[in-house]
Amino acid sequence: MRITVDVARCVGSGMCALTAGEVFDQRPGDGKVVVLTPEPPADVWDFVREAVDRCPVAAIAVSTDRQPPHRGRENPGRRGEESSTSDEV
C-alpha cells in the first residue's frame, strides 16, 4: 500500500503528524503535510488509517496502486519544497 496526499487541500491541522508521527510530518512555514515514509511497514498501518480518518479535509489517501510516484519535479517530497496540487510522495 502507498500513501498519497493532496497538498493543495491540506490545511496544516497536524492531525496526521500527531497520529502517526513516524510516517507524517509538517513543512516548516505553512504546516502542510510531508510524508516521511510513503510505504510504511505493516505494524504502523493502523495508525496511518487513523490519520487518514482524522484529516479534517481528506487530503490523505491510501492506495494499493503500485505505480511509481510522480517524477514531475526533482526530489519530490523533500521538506520545505513546493508541491503540486495532487502529489504522490
Side-chain angles (χ1 to χ4, degrees):
M1 290 201 278
R2 185 164 191 79
I3 298 169
T4 58
V5 298
D6 183 340
V7 176
R9 178 176 265 187
C10 178
V11 295
S13 74
M15 293 307 297
C16 55
L18 290 171
T19 305
E22 59 277 348
V23 177
F24 301 103
D25 199 356
Q26 292 178 274
R27 292 191 312 205
D30 65 5
K32 300 236 180 193
V33 64
V34 173
V35 180
L36 302 173
T37 311
E39 295 184 26
D43 63 329
V44 298
W45 274 103
D46 287 342
F47 296 108
V48 170
R49 287 184 188 95
E50 185 176 346
V52 170
D53 290 343
R54 288 183 172 205
C55 180
V57 294
I60 306 168
V62 174
S63 71
T64 56
D65 185 13
R66 300 296 297 165
Q67 293 181 347
H70 172 68
R71 299 289 182 204
R73 59 179 203 278
E74 199 169 318
N75 299 321
R78 282 186 28 189
R79 186 180 302 226
E81 187 174 318
E82 291 301 315
S83 299
S84 64
T85 300
S86 182
D87 194 13
E88 198 173 292
V89 290

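Here, residue 1 is the first one in the sequence, and each next residue gets the next number.
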Enumerate, atom names and distances included, each donor-acceptor pair closer than 3.5 Å involving a side-chain atom of residues 43-53, sequence neighbours excluded.
residue: Trp45; atom: NE1; partner: Pro40; partner atom: O; Å: 3.0
residue: Glu50; atom: OE2; partner: Arg54; partner atom: NE; Å: 3.1
residue: Glu50; atom: OE2; partner: Arg54; partner atom: NH2; Å: 2.9

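Taken together through direct or relayed side-chain contacts under 4.5 Å among Ile, Leu, Val, Met, Phe, Trp and Tyr, Met15 and Val7 form parts of separate hydrophobic clusters. Hydrophobic clustering, with ILVMFWY side chains joined whenever heavy atoms are under 4.5 angstrom apart, groups Met1 together with Val35.
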- Passes side chain to side chain contact (heavy atoms under 4.5 Å, CB included), Asp25 versus Leu36? Steps please. CA-CA 7 Å; Asp25 199 356; Leu36 302 173; 4.0 Å; yes
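Atom-to-atom distance recorded for Thr37:OG1 and Phe24:CZ is 9.0 Å, nearest 0.5 angstrom.
Between Cys16 and Val33, the shortest heavy-atom distance links the atoms SG-CG2, 3.7 Å. Looking at every heavy atom in both residues, Cys55 comes nearest to Ala59 through SG-N, 3.3 Å. In terms of heavy-atom proximity, Glu39 sits nearest to Arg2 at OE2-NH1, 2.6 Å.
Looking at Lys32, its side chain never comes within 3.5 Å of a backbone N or O of Gly12 through a donor-acceptor pair.
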